[in-house]
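Input: a single structure, listed below in C-alpha cells.
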Amino acid sequence: MFIVGLAAAIGGLILVRWTLSRHLGLAYALQTFGSCCLILATLMFASSRFGKLHARDRILARLKLRGDETVIDVGCGHGLLLIAAAKMLPRGHAVGIDLWSNWQQSDNSREATLTNAALEGVADRVSVHDGDMREMPFADRSFDAALAHFAIHNVVSREGRRQAIREIVRTLKQGGQVAISDLHGAPSTPTSCASRI
Ligand SMILES: C[S@@+](CC[C@H](N)C(=O)[O-])C[C@H]1O[C@@H](n2cnc3c(N)ncnc32)[C@H](O)[C@@H]1O
C-alpha cells in the first residue's frame, strides 16, 4: 500500500507539472488516491507496530491471572493475545481457536501461530484448534478466562455475534473473566458466570 500510494502520488504530481490541462482531473484523482493509500498504510503500520501491542498489554494487565489458569483466545489469528497470555501462565495453558480466514489476516494458519508460539518460547503452553467461535468444540466451563481481540465483529450477523458470546459464556467457569476488545459494542447477553472487563 505504501508503494502503490507513493507511485500514485508521484504519478499525479508528474501529470500536474508536465502534461496538458486536460489531464488535470486524472492527476488530482491519482494524488487523492495516493494520499489516501499513504495515510491508510501509515495508520495500519502504526497500529500493527505500536497500537496493537499497547492494546494487548492493557487488556492482559486487567485480567487477574494467578498463572495456573486455562485461557482461551477466540479468533486468535497469529496469536497476539494467545502468546502473551501464555507468557503469563507458567503453570497454565493458553488455547486458541480460529477458522483461519486469510482475508481477515494474511498468512493466517494454525502452523503460523504455532511457529510464533515456538519462537516466543511458549509452545508447550499453547494449543490451537480449528473451529468456529459460534460452535466451539469445548466442554462447558472449560476456561478460567476468555479473550477475543478484534475477532467477533468478523461474524457478519448480529445473531452470529450473540451466539459467539453465548459460547464464550458457556465455556467459561463460574467466576471466569472475559476481555473482549472489538469495533462494535457487544450485545447484551447473559453474563451470569462471567465478569466482563
Ligand atoms: C482481525 S483477526 C484478529 C486476530 C487476533 N485476535 C489479533 O488480535 O491479532 C480476526 C480473526 O478472527 C478469525 N475469525 C473470524 N471469524 C471467525 C469465526 N467465526 N470463528 C473463529 N475465528 C474467526 C479470523 O480467522 C482471524 O484470525
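Please read these numbers as outputs of a predicted model, since none were measured by experiment. Both ligands and their constituent atoms are indexed starting at 1 by order of listing.
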Taking 4.0 angstrom as the limit and counting only heavy atoms of Q104, give me the atoms of ligand 1 inside it, by number and element. 1 (C), 13 (C), 14 (N), 15 (C), 16 (N), 24 (C), 25 (O), 26 (C)

Within reach of ligand 1, part of D132 (heavy-atom separation under 4.0 Å): both

To the nearest 0.5 Å, how far apart are CD in Q177 and CG in L147? 9.5 Å

One thing to verify: whether E120 and R125 come together as a salt bridge, which I'm taking to mean a side-chain N less than 4.0 angstrom from a carboxylate O. no

Which residue supplies the protein heavy atom nearest to atom 10 (C) of ligand 1, what is that atom called, and how far is it? N154 ND2, 3.2 Å

Which residue from L99, D73, I59 reaches closest to atom 18 (C) of ligand 1 through any of its heavy atoms? L99

Just how far is it from atom CD1 of I152 to atom CE of M133, taken to the nearest 0.5 Å? 6.0 Å

W100 neighbourhood, listing ligand 1 atoms whose heavy-atom distance to it stays under 4.0 Å: 25 (O)

Is there any N or O on S101 that sits under 3.5 Å from an N or O of ligand 1? yes

side-chain contact (heavy atoms from CB on, under 4.5 Å) evaluation trace for L89 with V122: CA-CA 9 Å; L89 300 168; V122 290; over 6 Å; no

Do me a favour and list the nearest non-hydrogen protein atom to atom 23 (C) of ligand 1 with residue, atom name and distance? M133 CE, 3.6 Å

In the protein, what heavy atom is nearest to atom 8 (O) of ligand 1, and what distance, to one decimal place, separates them? H149 ND1, 2.6 Å

Backbone of M44 reached by a side-chain donor or acceptor of S48 within 3.5 Å: yes

Could you note down all residue pairs passing ring pair (Phe, Tyr, Trp, His ring centres under 6.0 Å) where residues 29-62 supplies at least one of them, sequence neighbours left out? none

Could you see which bit of C76 sits under 4.0 Å from ligand 1, with heavy atoms only: side chain, backbone, both or neither? backbone

Working for side-chain contact (heavy atoms from CB on, under 4.5 Å), residues I168 and V178: CA-CA 8 Å; I168 288 175; V178 180; 4.2 Å; yes

Can you find an N/O atom of V74 closer than 3.5 Å to an N/O atom of ligand 1? no

Quick one: nearest non-hydrogen protein atom to atom 1 (C) of ligand 1, plus distance? F150 O, 3.3 Å

Given the rule in the side chain to side chain donor-acceptor pair (under 3.5 Å) test, do H78 and N116 qualify, once you have shown the distances and angles that lead to the verdict? CA-CA 7 Å; H78 286 158; N116 284 343; 4.9 Å; no

Between Q105 and ligand 1, which residue portion shows a heavy-atom distance shorter than 4.0 Å: side chain, backbone, both, or neither? side chain

When rounded to the nearest 0.5 angstrom, what is the spacing between CZ in R62 and OG in S181? 10.0 Å

In the protein, which heavy atom is nearest to atom 27 (O) of ligand 1, and how far is it? D98 OD2, 2.7 Å

Under 4.0 Å, heavy-atom basis, I'd like to know which part of L80 is in contact with ligand 1: side chain, backbone, both or neither. side chain

Counting from 1, what ligand 1 atoms have a heavy atom of G131 closer than 4.0 Å? 20 (N), 21 (C)

Using heavy atoms and a threshold below 4.0 Å, how should the contact between N108 and ligand 1 be classified: side chain, backbone, both, or neither? side chain

Taking atom 4 (C) of ligand 1 as the reference point, the nearest protein heavy atom with its distance: G75 O, 3.4 Å

Rounded at 0.5 Å granularity, tell me how far OG1 in T115 sits from CD in E111. 7.5 Å

Side chain R170, main chain M136, donor-acceptor under 3.5 Å: yes

